[in-house]
Amino acid sequence: MAVDKPVIAIVVPCYNEQDALPVSVPRMLEILDVMGADGLISPESYVLCCNDGSRDATWQVIADLHAADARVKGISLAHNRGHQKVLLAGLMTVRDKCDAAISIDADLQDDPHAIIEMVKLFREGDEIVYGVRSSRATDTWFKRTSAHAFYSLQRRMGVETVFDHADYRLMSNRALDLLSEYGEGNLFLRGIIPHIGLKTGVVTYERAERVAGESKYPLSKMLSFSVDGITSFSAKPMRMIFTVGMVLLLLDLAVAVWVLIAYFRGATIHGWASLMLSVWFLGSLILIGLGVIGEYVGKIYIEVKHRPRYAVAEKIW
Ligand code: UDP
Ligand code: MG
């Protein structure tokens, strides 16, 4: 695996980033220059800008950057498909054209210097290196708290996640090949990549403010992304219906005792006791029934994703 001078592809998803790219791409090229001068990487390393159906001049800006330096390359999606999908498009484009790919946002919120550390870890044998924020000082209180609540909820739902890691990471071409076997349409890369396995490392960095332009992730997109993050990995919410049904059935016993005592003490009106008993009993039965159905639907859901069932990491033949 160990490549002496790996070809590195920096993959940048871009949606309406005409203002950020002229600042951020030269910074990324500088990092490539530094690593090239240190003999860490091949001079054929490059930056791939992936235009996600932008409505502004992003594609033109990418073309101009390419004209100025051929190490800047571009792909453009026919229309806006969202950060995760455009990132996948980029990674799949470079999969057989690099030794390792690094995904990084166009706005330089992720410190590009961490790339150097990532490449060093890659050269030492890590195949997936996560960029993890050391602090969230530049995030609002709300974004910080909601993000942490989201990570813990995901963990509790059984999704493997890396805390404070967004989509800033290095992947070897072998990791990219394994990623290509995940056929699911509903992509949540941060969950899928820990699922791949392979030797992983972590690099920490300070997250900065955007260099230009504004966030393309308003609260509504963030929320639907979080729901995706849980529902595309876990059938647990459905399983919880079953648990609630069982708990209710137990409570039902206590309720039944209380209702019967009230009934025999004559402290009830006609029909109350029978209604109470049946409402509780049927309620818990219905929930248990739904939970059983949920269990099967959950299985179907996992099956239709056609995820690879195993990943072979090495072979001696
Ligand atoms: N992005 C994209 N398609 C979208 C939304 C965003 O390619 O539909 C890109 C965007 O250009 C940026 C990255 O995804 O490079 C992260 O977006 P942003 O910085 O707006 O999100 P935030 O950092 O505020 O969460
Ligand atoms: Mg950003």
Side-chain angles (χ1 to χ4, degrees), residues 8-17 19-35 40-41 45-52 58 62 65 72 82-91 94 98 100-122 126 128-140 143-144 146-148 150-151 161-172 175-176 188-194 200-217 221-222 225 229:
I8 299 293
I10 300 183
V11 178
V12 191
C14 315
Y15 177 59
N16 295 348
E17 300 286 10
D19 300 325
L21 286 176
V23 188
S24 56
V25 171
R27 291 278 301 279
M28 294 170 195
L29 291 172
E30 255 169 51
I31 299 284
L32 289 183
D33 289 337
V34 170
M35 291 192 294
L40 286 176
I41 61 168
S45 301
Y46 55 93
V47 177
L48 176 71
C49 297
C50 310
N51 176 27
D52 186 15
T58 297
I62 295 172
L65 287 165
V72 181
H83 174 247
Q84 299 284 293
K85 293 195 174 97
V86 72
L87 190 54
L88 184 75
L91 293 175
V94 301
C98 68
I102 294 163
S103 48
I104 182 169
D105 288 352
D107 56 9
L108 286 190
Q109 283 194 282
D110 308 317
D111 179 7
H113 285 99
I115 291 178
I116 302 178
E117 287 309 308
M118 290 183 180
V119 169
K120 284 185 180 158
L121 289 180
F122 169 66
D126 285 344
I128 298 174
V129 184
Y130 296 108
V132 168
R133 298 173 202 176
S134 53
S135 83
R136 284 182 162 258
T138 56
D139 277 348
T140 60
K143 188 145 186 169
R144 205 161 48 223
S146 58
H148 275 160
F150 167 58
Y151 291 126
T161 37
V162 182
F163 265 61
D164 280 342
H165 159 69
D167 283 293
Y168 185 23
R169 71 176 87 79
L170 175 146
M171 293 176 79
S172 69
L176 292 173
F188 188 76
L189 289 174
R190 287 172 218 182
I192 291 179
I193 287 155
T200 52
V202 166
V203 165
T204 53
Y205 66 95
E206 291 280 338
R207 187 151 160 104
E209 305 276 4
R210 233 176 193 282
V211 284
E214 52 196 41
S215 173
K216 277 86 192 168
Y217 266 95
K221 263 199 199 174
M222 245 164 61
F225 189 55

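These numbers were taken from a predicted model, which means no experiment stands behind them. Residue numbers run from 1 in the order of the sequence given.
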Inset, instruction - Applying side-chain hydrogen bond (donor to acceptor under 3.5 Å, both in side chains), name anything that partners Asn51, two or more places apart in sequence or on another chain. - result: Ser54, Ser76
Legend entry - Rounded distance (nearest 0.5 Å) linking atom CD1 of Ile193 with atom CD1 of Ile128: 6.5 Å
Inset, instruction - Give a yes or no on whether the backbone of Glu17 and the side-chain of Thr58 come within a donor-acceptor separation of less than 3.5 Å. - result: yes
Legend entry - Non-hydrogen atoms of Val119 and Leu40 that approach each other most closely: CG1-O, 4.4 Å
Legend entry - Separation between CD1 of Ile102 and CG of Leu91, rounded to the nearest 0.5 Å: 11.0 Å
Inset, instruction - Report the C-alpha distance between Tyr168 and Met118 in whole Å, list the side-chain angles of each, state the deciding distance to 0.1 Å, and finish with yes or no for side chain to side chain contact (heavy atoms under 4.5 Å, CB included). - result: CA-CA 10 Å; Tyr168 185 23; Met118 290 183 180; 3.8 Å; yes
Legend entry - Check: Arg190 and Val162 side chains under 4.5 Å, non-hydrogen atoms: no
Legend entry - 4.5 Å side-chain heavy-atom contact, Asp105 and His83: yes
Tell me which donor-acceptor pairs under 3.5 Å the side chains of residues 108-116 have, and how far apart each pair is, sequence neighbours excluded?
from: Gln109; atom 1: OE1; to: Arg207; atom 2: NH2; distance (Å): 2.9
from: Gln109; atom 1: NE2; to: Ala208; atom 2: O; distance (Å): 3.3
from: Asp110; atom 1: OD1; to: Tyr205; atom 2: OH; distance (Å): 2.9
from: Asp110; atom 1: OD1; to: Arg207; atom 2: NH1; distance (Å): 2.8
from: Asp111; atom 1: OD1; to: His113; atom 2: N; distance (Å): 3.0
from: Asp111; atom 1: OD1; to: His113; atom 2: ND1; distance (Å): 3.1

Legend entry - Lys216 (side chain) donor-acceptor with Glu214 (main chain) under 3.5 angstrom: yes
Legend entry - Separation between CZ of Phe225 and CD of Gln84, rounded to the nearest 0.5 Å: 4.0 Å
Inset, instruction - Kindly give the heavy-atom pair with the smallest separation between Pro13 and Ala106, and that separation in Å. - result: O-CB, 3.7 Å
Inset, instruction - Hey, could you give me the CG/CD1 distance between Leu32 and Ile8, rounded to the nearest 0.5 Å? - result: 8.5 Å
Inset, instruction - Have a look at Leu21 and tell me which of Val25, Val23, Asp19 forms a side chain to side chain contact (heavy atoms under 4.5 Å, CB included) with it. - result: Val25
Legend entry - Approximate separation, where rounding is to 0.5 Å, of Phe188 CZ and Thr161 OG1: 7.5 Å
Inset, instruction - Mind listing the closest non-hydrogen atom pair of Gly191 and Pro194 along with its distance? - result: O-CD, 3.3 Å
Inset, instruction - With rounding to the nearest 0.5 Å, note down the distance linking CG in Leu189 to CE in Met171. - result: 8.0 Å
Inset, instruction - Could you tell me whether the side chain of His148 reaches within less than 4.5 Å of the side chain of Asp164, counting heavy atoms only? - result: yes
Inset, instruction - Locate the shortest heavy-atom distance separating Ala166 from Arg133; write the atom from each residue and the value. - result: CB-NH2, 3.6 Å
Legend entry - Derivation of the side chain to side chain contact (heavy atoms under 4.5 Å, CB included) call for Leu29 and Arg27: CA-CA 5 Å; Leu29 291 172; Arg27 291 278 301 279; over 6 Å; no
Inset, instruction - Evaluate the side-chain proximity of Cys50 to Val86: yes if any heavy-atom separation is below 4.5 Å, no if none is. - result: yes
